[in-house]
**Student:** 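Questions regarding the structure given below will be posed in turn.
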Amino acid sequence: MQLVKKVHIMEVGPRDGFQAEKTWIPTETKIAVINALSRTGVPEIQVTSFAHPKAIPQLADAEEVMSRIDIVDGVSYRAMTPNIRGLQRALAFKDRITTVSFMLSVTESHNRANGNRSIDETLQDFEEMTPIAQDAGFVVSGSMICSLGCPFEGEVPVQALERVADRYLALGITNMSLADTIGVANPALVYRVVAHMLDKYPQVTWNLHLHNTRDMALANTLAAMQAGMDRFDGGVSGLGGCPYAPGASGNIATEDMVNMLHEMGVETGIDLDKMIAIARMHKDFIDHPLDSSMLRAGKGSDLRPAPRQQQKIGEIGAPA
Ligand code: ZN
């Protein structure tokens, strides 16, 4: 199988994972998780979102988290800035934040549900926001929420993605993120869409944001890699629910993705044992089961001691 040798993973758990949690996660805990993540070798962390605290109460401490985390060499830090007000709040952290993410759904109905605005209205906001962000020295990343499926409109025509990509490029935004926000994509769809967008927009730095809502995120990762994608988001411990699929699992667990990639000989730069230890930390403050196969079963490369030779098979539980 011909695959890229190295994959860039952005850890999004502290934003996309935490924001879905109803029970308040103490600021100290958030900072401890992010500081531990900064020491796993992961090259990029999405720290928080400067959303309105009424919209996302869990991230109301964005300023405190952003100002108190350790900035570690070799790691770049990113924040989501959903609107002009959010971007203004991020400006206070010019020295800490490398990239700001803009949020846009590629279907009208989802963009309205998410931000009560049409796609055009949101893009007009971005016209105002982009020069402010660029003058501050931020890299701007344009997201394409629901680009692999919408809860209201179903499958999304690739023309809808091109329309948004063209507008982003016109604004000088060359980092873009395709998102399977509600976890409805399948490997064939991912391959088709990713191959098309990579081919049509070679000047764009693409990344792929997958949710494991229907247990297809690892298969979708592989399909995207076969289409040439080499940048992915992951959420440690698999947090990140979906408001349209109650009880559904969340982001692809970073440790599960890293385990698969390493077993296939693809580098991530991440220390998997450290990542699993951070996933395990989540058991102390998350009040529901975690969707992580590493927490359930351990690494594929973990070896167990072989039974002692004098022991009969029957003694260790196999049928006699
Ligand atoms: Zn997400």
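Atoms within a ligand are numbered from 1 in the order they appear, just like the ligands themselves.
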**Student:** Salt-bridge test for E44 and R78: reply yes if a basic N is under 4.0 Å from a carboxylate O, no otherwise.
**Tutor:** yes
**Student:** For D166, check salt bridge (charged side-chain N to carboxylate O under 4.0 Å, His left out) against everything at least two apart and list the hits.
**Tutor:** none
**Student:** Under a 3.5 Å distance rule, please check whether S143 uses its side chain to pair with a backbone N or O of S177 as donor and acceptor.
**Tutor:** no
**Student:** Closer than 2.8 Å to the Zn ion (ligand 1), how many protein N/O/S atoms do you count?
**Tutor:** 3
**Student:** Is any NZ, NE, NH1 or NH2 atom of the basic residue among R39 and D271 found under 4.0 Å from an Asp or Glu carboxylate oxygen of the other?
**Tutor:** no
**Student:** Which hydrophobic side chains are connected to M80, either touching it within the sub-4.5 Å cutoff or through other members that do?
**Tutor:** M103, I145
**Student:** List the atom pairs, donor and acceptor, that lie under 3.5 Å between side-chain atoms in residues 57-65 and the rest of the protein, sequence neighbours left out.
**Tutor:**
{"from": "Q58", "atom 1": "OE1", "to": "I25", "atom 2": "N", "distance (Å)": "3.0"}
{"from": "Q58", "atom 1": "OE1", "to": "K30", "atom 2": "NZ", "distance (Å)": "3.1"}
{"from": "Q58", "atom 1": "NE2", "to": "E21", "atom 2": "O", "distance (Å)": "3.0"}
{"from": "Q58", "atom 1": "NE2", "to": "T23", "atom 2": "O", "distance (Å)": "2.8"}
{"from": "D61", "atom 1": "OD1", "to": "K30", "atom 2": "NZ", "distance (Å)": "3.1"}
{"from": "D61", "atom 1": "OD2", "to": "T27", "atom 2": "OG1", "distance (Å)": "2.7"}
{"from": "D61", "atom 1": "OD2", "to": "K30", "atom 2": "NZ", "distance (Å)": "2.9"}
{"from": "E63", "atom 1": "OE1", "to": "R89", "atom 2": "NH2", "distance (Å)": "3.0"}
{"from": "E63", "atom 1": "OE2", "to": "R89", "atom 2": "NE", "distance (Å)": "2.8"}
{"from": "E64", "atom 1": "OE2", "to": "R68", "atom 2": "NH1", "distance (Å)": "2.8"}

